[in-house]
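To start, the structure itself, in structure tokens.
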Amino acid sequence: LDKKHKEVKSIKKMGYCNNEKCPLPGGKVERSKMLYCTRCSVEYYCSRDCQKAAWSEHREFCKEKAERNAKFEQEMRIRDQNSM
């Protein structure tokens, strides 16, 4: 079992860059090296350049997601304050 565990742990976990025009083959990159959009925390990219290149397509989704997240967090704070 320990041998199998080490074998599985040695396999690099891969992810996909969300930039449709990513120059990497298939847009695949090691997950530990990926960057994510700090505003919405949904989209992942292989590099800052890919993130910038995809921004025009991602902008509206990001804005809506960030607004929903902020509204949800505000509602949770209010709920927590009312439960005290």
Discussion item. Check this for me: Glu20, atom CD, are more than 12 non-hydrogen atoms of other residues, nucleotides or ligands nearer than 6.0 Å?
Written reply: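 Counting neighbours around CD of Glu20, 12 or fewer heavy atoms of other residues, nucleotides or ligands fall under 6.0 Å, so no.
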Got a second to check how far [X]'s [atom1] is from [Y]'s [atom2], nearest 0.5 Å?
X     : Y     : atom1 : atom2 : value
Lys63 : Arg68 : NZ    : CZ    : 12.5 Å
Met76 : Arg79 : CE    : CZ    : 4.5 Å
Lys28 : Cys46 : NZ    : SG    : 13.5 Å
Tyr45 : Asn19 : OH    : CG    : 7.5 Å

Item to complete: Only pairs at least two apart or in different chains count here, so list each ring pair (Phe, Tyr, Trp, His ring centres under 6.0 Å) that has a residue in residues 65-84.
Response: none
Discussion item. I'd like to know whether Cys40 forms a side chain to side chain contact (heavy atoms under 4.5 Å, CB included) with His58, so could you lay out the CA-CA distance, the side-chain angles of the two residues, the decisive distance to 0.1 Å, and finally the verdict.
Written reply: CA-CA 10 Å; Cys40 70; His58 176 61; 3.4 Å; yes
Worksheet item: Could you go step by step and tell me if Glu43 and Phe61 meet the side chain to side chain contact (heavy atoms under 4.5 Å, CB included) rule?
Response: CA-CA 10 Å; Glu43 301 287 326; Phe61 168 83; 4.1 Å; yes
Item to complete: For the pair Trp55 and Cys62, evaluate side chain to side chain contact (heavy atoms under 4.5 Å, CB included) and give the outcome as yes or no after the intermediate values.
Response: CA-CA 9 Å; Trp55 177 242; Cys62 185; 4.1 Å; yes
Practice prompt. Identify, with sequence neighbours excluded, every residue that meets salt bridge (charged side-chain N to carboxylate O under 4.0 Å, His left out) alongside Glu7.
Written response: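 Salt bridge (charged side-chain N to carboxylate O under 4.0 Å, His left out) list for Glu7, sorted by chain: Lys4.
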Item to complete: Kindly give the cluster partners of Tyr36, where membership spreads through any ILVMFWY side chain lying under 4.5 Å from a current member.
Response: Leu24, Val29, Met34, Tyr44
Discussion item. Working note: Arg31 + Lys12, criterion side chain to side chain contact (heavy atoms under 4.5 Å, CB included); need CA distance, chi angles, decisive distance, verdict.
Written reply: CA-CA 8 Å; Arg31 280 194 338 209; Lys12 292 181 181 180; over 6 Å; no
